[in-house]
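First the proteins, then the strands, lettered A, B, ... as listed; each starts at 1. Atom set for the values below is all heavy atoms of this structure, side chains included, hydrogens, waters and symmetry mates excluded.
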2 protein chains.
Amino acid sequence: MRVEGKRLAREPQLVLEHFLPYRLSVLSNIVSSRIAKFYEERFQLTIPEWRVMAVLGRFPGLTAAEVTERTAMDKVQVSRAVGRLQKTRRIEQRAVEGDRRARHLFLTETGHGVYVEIVPLARDYEHKVTATLSAAERGQLDRLLDKLLAAAGTL
Amino acid sequence: MRVEGKRLAREPQLVLEHFLPYRLSVLSNIVSSRIAKFYEERFQLTIPEWRVMAVLGRFPGLTAAEVTERTAMDKVQVSRAVGRLQKTRRIEQRAVEGDRRARHLFLTETGHGVYVEIVPLARDYEHKVTATLSAAERGQLDRLLDKLLAAAGTL
DNA sequence: ACAATATAGTTTCACTTGCAACTATTATCA
DNA sequence: TGATAATAGTTGCAAGTGAAACTATATTGT
């Protein structure tokens, strides 16, 4: 009934800590949870909320559906993040003329202030994460992520 | 009240799709959710369960605490995965002599069969994800992940 | 024009998750 | 030895999640 002894030697094995999906997941979880903790403590902001603010900072007036396209979040997540951001007065909405289902979303002045404050902090954190990499390695990392993201999208 | 017009041009901006934490999260989520779906459909297995099985396949007899150390899962997650795996008869436990709190965990014959079936499938998937990379790039990826994981762990 | 479809966004539900509290057991040390 | 602290593992709870159902509005085809 038990599995032990030399049988194992010849059988397929998987070394979890060398397994790409596992490594990606661990790395991503570490990075995301640190950021999440930081945003939460400092701004009472979740990562989905931050993502919505980030795209609205760059593209004021997107609708929720357009935010969804640009963030790899699903529409439920966006809807909830938008709801919370409105409650906390970081974003506001205006009618889309010609379509009463959708609304344009904008950072409020308050929201924009938060955005402007976070952006350099986010960059700092990114730099810390990649601090042990050389410039060449950072370039490699970018290229590899591009390729992997493209590949993963079409699998 | 609104944020628009040329003000934006001079203000800090963050391009989400170039932001490392975001990119890592998106890539990891795509990869993990595909795998999760596959494991679920084919083996009624969650990723935490699979991780537990993967380490027990390689290190039969670990205790739950030891599984925790080796998987970057927390003990609650391990406890629940172990519970489900016992219910589905994929693992079993034996007493640890000299400590009645802990138990050694082993794959059952059934569990081992699942393990042996999954391992090559997992490898295949990994290869598919990296199929667009050259051998050199795969090497780079490994090295970069090593460095980033080491760095992230100590931040 | 109007029935059938599609889309924007919200809500419900079942499930997962992590934190903290908890039980049981073992280790420490005065 | 007996009190205190540490450890293994489980459970309760509050919050987050995605899938599917739902409302409201817009589009399409006849």
In whole angstrom, what separates [X]'s [atom1] from [N]'s [atom2]?
| X | N | atom1 | atom2 | result |
| --- | --- | --- | --- | --- |
| Lys37(A) | dG18(C) | NZ | P | 14 Å |
| Arg84(A) | dG9(C) | CZ | P | 17 Å |
| Ile47(B) | dT17(D) | CD1 | P | 17 Å |
| Gln44(B) | dT16(C) | CD | P | 13 Å |
| Leu45(A) | dA15(D) | CG | P | 17 Å |
| Glu97(B) | dT25(C) | CD | P | 18 Å |
| Asn29(B) | dG16(D) | CG | P | 17 Å |

- Query: How do Ser79(B) and Pro48(A) order along DNA chain D: which one's closest nucleotide is nearer the 5' end?
  - Reply: Ser79(B)
- Does Arg34(A) make a cation-pi contact with Tyr125(A) (under 6.0 Å, within 45 degrees of the axis)?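 The answer is no; the distance or angle limit is not met.
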- Query: Does NZ or CZ of Arg70(A) lie under 6.0 Å from the centre of the six-membered ring of Phe59(A), at an angle within 45° of the ring axis?
  - Reply: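 So Arg70(A) does make the cation-pi contact.
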- Query: Who passes side-chain contact (heavy atoms from CB on, under 4.5 Å) against Thr154(B), sequence neighbours left out?
  - Reply: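 Listed in chain order: nothing, the list is empty.
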- Which residues within residues 62-78 of chain B lie with some heavy atom under 4.0 Å of an atom in DNA chain C?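 Listed by number, they are Asp74(B), Val76(B), Gln77(B).
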- Query: Without hydrogens or angle criteria, can the side chains of Ser25(B) and Arg51(A) be said to hold a donor-acceptor pair below 3.5 Å?
  - Reply: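 Yes, a side-chain donor-acceptor pair sits under 3.5 Å.
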- Which pair of non-hydrogen atoms, one from Tyr115(B) and one from Met53(B), has the smallest distance, and what is that distance?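 Result for this residue pair: CD1-O, 3.8 Å.
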- Message: Quick check: closest heavy atoms across Pro48(A) and Arg84(A), and the distance to 0.1 Å?
- Response: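 Pro48(A) and Arg84(A) have their closest heavy atoms at CB-NH2, 4.4 Å.
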- Item | Thr108(B) side chain vs Arg89(B) backbone, donor-acceptor pair below 3.5 Å | yes
Distances under 3.5 Å only, N/O to N/O: pair up the protein atoms with those of nucleotides 23-27 of chain D.
from    : atom 1 : to        : atom 2 : distance (Å)
dT25(D) : O2     : Arg101(A) : NH1    : 3.3
dA26(D) : OP1    : Arg100(A) : N      : 2.7

- Message: At 4.0 Å (heavy atoms only), tell me whether Arg80(B) reaches a base, stays on the sugar-phosphate, or touches nothing.
- Response: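 Here Arg80(B) touches the bases of the nucleic acid.
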- Message: Between Glu137(B) and Arg143(A), does any side-chain N to carboxylate O distance fall below 4.0 Å?
- Response: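 Judged by the 4.0 Å cut-off on N to carboxylate O distance, Glu137(B) and Arg143(A) do form a salt bridge.
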- Hey, does Val31(A) have a side-chain heavy atom less than 4.5 Å from the side chain of Leu148(B)? no
